[in-house]
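Working notes, structure below.
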Amino acid sequence: MSGTTPDTAPPLRALLDLNGRTVAVAGGGSIAPGWSIGRASCITYARQGATVCVIDRDLASAKETVHLIETEGGSAFAYQADMAREEDIFSAFRDITARHQAIDVLHHNVGIGKTGGPLETSADDLDRIHSVNVKSLMLSCQAVLPAMVQRGSGTIISIASVAGLRYLGYPHLAYCTTKAAVIQMTRMIAQQYAPHGIRANTVVPGLIDTPRVTANVAHMFSDSLGEAKAARAQQVPLQRMGTAWEVANVCAFLASDAASYITGTEIVADGGLTGKYV
């Protein structure tokens with residue numbers, strides 16, 4: 001019988017340790033006060049020992065994430081980049097590489113949307129949303145993959161949405177189709193680069209209680225924020241929205257050696273939502 005025996009297998013706590021690794025989080029700020037998935041993920045990576053490079057269009061928001069990490073004794077650095085701009089993306093990753101030599105984990109956590117179906121979505125809308133949600137993932141991978149191939153290791157984590165898997169009751173065409181593209185792009189990257197020791201997976205959050213929901217999504221359900229959140233919670237079999245921390249924990253797992261045999265797939269964190277709509 002081959003393989004690691006229980007006597008020689010490292011303990012799970014050791015496998016989850018990210019000490020000595022550099023994690024670059026694109027979209028590590030927050031559009032409003034509260035815990036976005038990107039910000040919670042940055043904090044979680046730092047708590048596991050990683051040095052975190054926080055990239056965001058809003059430099060002040062990135063610096064706020066860095067401050068929260070440093071307050072807990074962690075190590076983090078802020079970088080400004082508009083993920084719709086190719087030059088910003090490559091500049092940010094060049095700066096990170098110059099400072100840290102290597103990027104061990106790329107966490108791509110950017111996404112915008114616009115309510116509406118095909119008649120309400122213009123070609124310019126689709127191009128803009130595709131540029132941020134999909135093109136930026138490809139460009140970010142272009143920035144980090146050559147060095148990962150050279151080292152023979154690396155991890156890519158993309159953040160999609162259950163909207164890329166199912167229709168959830170309101171038209172969100174551009175967001176849904178681009179998040180579906182993120183899932184497939186990540187699968188393709190995983191297959192191509194697995195022989196180089198690189199893993200790529202997608203985390204697919206469900207209805208998560210984040211500042212983006214408060215700012216942009218809740219009004220689709222009700223004029224009252226409380227009623228809107230209650231309506232979203234009722235959609236979920238667990239009868240509640242998820243937290244950014246619950247998604248961040250999945251990301252930290254995928255970034256770690258505990259997930260060393262997981263690549264080319266998706267982990268859905270949705271409280272049972274997509275199963276309900278099968």
Please answer whether the main-chain N or O of G117 pairs with a side-chain N or O of E120 as donor and acceptor at a distance below 3.5 Å. yes
Are the side chains of I103 and F93 in touch, meaning some heavy atoms are under 4.5 Å apart? yes
Can you tell me if R94 uses its side chain to pair, donor with acceptor, with the backbone of A143 under 3.5 Å? no
How long is the span from the CG atom in L12 to the CZ atom in F253, to the nearest 0.5 Å? 8.5 Å
Nearest-0.5 Å distance that lies between atom CE in M185 and atom CE in M138: 6.5 Å
Backbone N or O of L16 within a donor-acceptor pair of the Q48 side chain at under 3.5 Å? yes
Applying the 4.5 Å side-chain criterion to the ILVMFWY set and letting contacts propagate, would I189 and I183 be lumped into a single cluster? no
Does either side chain, that of S36 or that of T210, offer a donor lying less than 3.5 Å from an acceptor on the other one? no
Side-chain heavy atoms of L18 within contact of S256, under 4.5 Å: yes
Test your reading of the model: is there a side-chain donor-acceptor pair from T97 to the backbone of A102, 3.5 Å cut-off? no
Between the side chains of R39 and T65, is a donor N or O closer than 3.5 angstrom to an acceptor N or O? yes
D95 and R99: side chain to side chain contact (heavy atoms under 4.5 Å, CB included), yes or no, with the steps? CA-CA 6 Å; D95 290 347; R99 173 176 275 166; over 6 Å; no
Determine yes or no for a side-chain-to-main-chain donor-acceptor pair under 3.5 angstrom, with T177 supplying the side chain and L173 the backbone. yes
Determine the minimum heavy-atom distance between S140 and M83, stating which atoms define it. OG-CE, 3.3 Å
Rounded to the nearest 0.5 Å, how far apart are SG of C141 and CD1 of I89? 10.5 Å
Take I43 and E72, measure what side chain to side chain contact (heavy atoms under 4.5 Å, CB included) needs, and give me the verdict at the end. CA-CA 9 Å; I43 301 292; E72 294 188 357; 4.1 Å; yes
So how far is it from Q142 CD to L137 CG, rounded to the nearest 0.5 Å? 10.0 Å
Minimal heavy-atom distance between G28 and D56, with the atoms involved, is N-OD1, 3.6 Å
When you compare the side chain of L145 with that of I156, does any pair of heavy atoms fall below 4.5 Å? yes
Can you see whether S61 engages D58 through a side-chain donor-acceptor pair at a distance of less than 3.5 angstrom? no
Is there a side-chain contact between D104 and T155 in this structure, where contact means two heavy atoms from C-beta onward sitting under 4.5 Å apart? no
Mind checking whether V23 and L106 have side chains closer than 4.5 Å, heavy atoms only? no
Cluster check I96, L59: I/L/V/M/F/W/Y, side chain < 4.5 angstrom: no
Contact summary for G38 and V25, nearest pair of heavy atoms: O-CG1, 4.1 Å
Of all heavy-atom pairs linking I208 and A269, the shortest is CD1-O, 4.1 Å
Measuring only between side-chain heavy atoms, which start at C-beta, is P205 closer than 4.5 Å to V162? no
Hydrophobic cluster membership, I267 vs V236, 4.5 Å side-chain cutoff: no
Please report the interatomic distance CZ(R128) to OG1(T121), rounded to the nearest 0.5 Å. 10.0 Å
Over all atoms of both residues, closest heavy-atom pair of A26 and V110: O-CG1, 3.6 Å
Main-chain N/O of Y175 paired to T178 side chain as donor or acceptor, under 3.5 Å: yes
Is it possible for you to say whether M188 and V182 belong to one hydrophobic cluster, with membership spreading through side-chain heavy-atom contacts below 4.5 Å? no
Does the distance from a Lys or Arg side-chain N to an Asp or Glu carboxylate O, for R240 and E246, drop under 4.0 Å? yes
Step by step, work out the side chain to side chain contact (heavy atoms under 4.5 Å, CB included) result for V203 and E266. CA-CA 6 Å; V203 178; E266 303 78 49; over 6 Å; no
Would you sort out whether K114 and D124 count as a salt bridge (charged side-chain N to carboxylate O under 4.0 Å, His left out), showing the intermediate values? CA-CA 11 Å; K114 178 182 183 294; D124 286 343; over 6 Å; no
Walk me through whether S153 and I198 qualify under side chain to side chain contact (heavy atoms under 4.5 Å, CB included). CA-CA 5 Å; S153 66; I198 296 165; over 6 Å; no
Treating D17 as the side-chain partner and A14 as the backbone partner, does any N or O pair qualify as donor plus acceptor under 3.5 Å? no
Donor-acceptor pair, N133 side chain versus K179 backbone, under 3.5 Å? no
What verdict does the side chain to side chain donor-acceptor pair (under 3.5 Å) test give for T115 and H172, after you've listed the backbone C-alpha separation in whole Å, the side-chain angles of each residue and the deciding distance to 0.1 Å? CA-CA 5 Å; T115 305; H172 218 180; 4.6 Å; no
Using distance alone, with no hydrogens and no angle criterion, decide if T51 and H100 have a side-chain donor and acceptor under 3.5 Å apart. no
Hey, could you give me the CG/OG distance between L254 and S260, rounded to the nearest 0.5 Å? 11.5 Å
Is a side-chain N or O of R47 found less than 3.5 angstrom from the main chain of I69, in a donor-acceptor match? no
Would you call I159 and H108 a side-chain contact if the rule is heavy atoms closer than 4.5 Å? no
Can you confirm whether R232 sits close enough to D209 that some side-chain heavy atom of one is under 4.5 Å from a side-chain heavy atom of the other? no
Could you see if L139 belongs to whatever hydrophobic cluster contains Y193? Use Ile, Leu, Val, Met, Phe, Trp, Tyr and a side-chain cutoff under 4.5 Å. yes
Are R57 and D82 within salt-bridge range, i.e. N to O under 4.0 Å? no
Check: R199 side chain, I262 main-chain N or O, donor-acceptor pair, under 3.5 Å: yes
Please tell me whether R187 and Q184 have a donor and an acceptor in their side chains that are separated by less than 3.5 angstrom. yes
Heavy-atom pair of closest approach, residues Y79 and A62: O-CB, 4.3 Å
Do T274 and D270 pair up side chain to side chain, a donor and an acceptor below 3.5 Å, judged on atom types alone? yes
Below 6.0 angstrom between ring centroids: does that apply to Y45 and H107? yes
